Amino acid sequence: MSSVKTNSGRSLPDGLSAQTLAVRAGQQRSDAGEHAEALLLSSSYVFADCEDAAARFAGDRSGNVYTRYTNPTVRNFEQRLAALEGAEDCVATASGMAAIMSLCLARLSAGDHIICSRDVFGSTVMLLDNFFVKFGVEVSYVPVNQPDAWREAIRDNSKLLFLETPSNPLNEVADIQVLAKLASERDCLLVVDNCFCSPALQQPLALGADLVVHSATKYLDGQGRCLGGAVCGSVELIESIRGLLRSGGPSMSPFNAWVFLKGLETLALRMQAHSSSAMTIAKWLAQQSWVGRVYYAGLDSHPGHQLAARQQRAFGGVLSFTINGDLDATWRFIDATRVFSLTANLGDTKSTIVHPATTTHGRLSPEQRAAAGIGDNLVRISVGLEAIDDLQDDLLRGAATL
Ligand SMILES: *Cc1c(COP(=O)(O)O)cnc(C)c1O
């Protein structure tokens, strides 16, 4: 039997840079000697004999048993993402929400308390408020950029601090290091949803976070094809979440893992391009007479700019702005665009545009929206990889209706 492994029998050297790991990490070639990552579609695996089966079932011997537990293509994705996040380990899940649900199920018990940043992804709020509360988990929401509010919200039964930075849609920035210190002082885990930056721009574990969660659906794929998620962290923490997946089943499809593997290879290049186009468009918007405020942490004028500049490699592709007009005018503006896709999704090669007050943040009361700074005239865009001129012309198509 030939043994064609990681690199034609040669294992990867230590000390490779992130861009090389994005292309190479985690690949274990089969005896077929395939160059690209193989897509291994098999729900279960055969054993050499009964003794082998017993040992693998008992966990005394490594090796695949069933794809709900492990799959070589999914493992390849997990190892590559772990390498990029600087994590010991990673577990892949069926979606970003499956990642958040699995981590909460694995780490929380009845009577525990979780503190969550106020402007997290809407389904995260629904998951906690509609479901975890049924099992006696208490939730408090605090502004992501106010460390004192986090400090005051901590109670004796607090177990998790959960945040997204930069926030959606206003790009508010959390100081991960400060909150990581607070979490460890109070024996809590700090969990960062790193969806907006991806590991190409921000590595929360290096700043002291305990776990990173991802919706791979966004920038990791980057091309709007598949749903997936992941949690990265220490072997011990990830093992506890993997146990939940074995029993509960929200595992990643091998096909989706294979798509995400190819997405990771171009992640850093795409994130640079998204960030640079978003910066150009943010600066341009700030000079338009029909624009009120621009919310992009890349701009000097943004209150989170200094912190984001320290904590992130670039500022990402998502920004929002107000237009000088009311709700009707804002809808007209959005409806007049023809290149931007009108969708709440983000992190795609295709630019997207959405009206947060009546979609992503529509469930909030007018008072809650006002407190969160999300007015009727706010527009959020995710800047894709189209030519900047075409995107600016498209926004001007909207402006012509004002
Ligand atoms: C989309 C998203 C999620 C949920 O991910 P799914 O893959 O859609 O389940 C979680 N967090 C953030 C920040 C997101 O943008």
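Computed from a prediction, not measured in an experiment: that's the story for all the values here. We count ligands from 1, going down the list as the structure has it; atoms in each ligand are counted the same way.
- Both the sub-6.0 Å distance and the 45° axial angle are not jointly satisfied by Lys159 relative to the ring of Phe132.
- A salt bridge links Asp394 with Arg397: at least one charged nitrogen is closer than 4.0 Å to a carboxylate oxygen.
- Remark: the Ser140 side chain and the His113 side chain contain an N/O donor-acceptor pair separated by less than 3.5 Å.
- In terms of protein heavy-atom proximity, atom 8 (O) of ligand 1 is nearest to Ser215 OG, 4.1 Å.
- Close N/O approach between Met97 and ligand 1 is found [any backbone or side-chain N/O within under 3.5 Å].
- Classification of Arg75 and Asp89 as a salt-bridged pair holds, one side-chain N sitting under 4.0 Å from a carboxylate O.
- With ligand atoms numbered from 1 in the order given, ligand 1 contributes 13 (C) to contacts under 4.0 Å with heavy atoms of Glu164.
- Of the protein's non-hydrogen atoms, the one nearest atom 1 (C) of ligand 1 is Lys218 NZ, 1.4 Å.
- Heavy-atom distances between Ala99 and ligand 1 stay at or above 4.0 Å for every pair.
- Heavy-atom contacts of Gly228 reach the following atoms of ligand 1: 7 (O) (cutoff under 4.0 Å).
- Atom 7 (O) of ligand 1 has Thr217 OG1, 2.6 Å as its closest protein atom, hydrogens excluded (heavy atom only).
- Arg332 and Asp328 are not joined by a salt bridge, as no carboxylate oxygen comes within less than 4.0 angstrom of a charged side-chain nitrogen.
- In this comparison of Ala94, Gly96, Ala98, the heavy atom closest to atom 6 (P) of ligand 1 sits on Gly96.
- Residues Asp119 and Val144 fail the side-chain proximity criterion, which asks for heavy atoms closer than 4.5 Å.
- Nearest protein neighbour of atom 4 (C) of ligand 1, counting heavy atoms only, is Phe121 CE2, 3.4 Å.
- At least one N/O-N/O distance between Asp193 and ligand 1 falls below 3.5 Å.
- Within the 4.5 Å cutoff, the side chain of Leu201 has heavy atoms near those of the Ser275 side chain.
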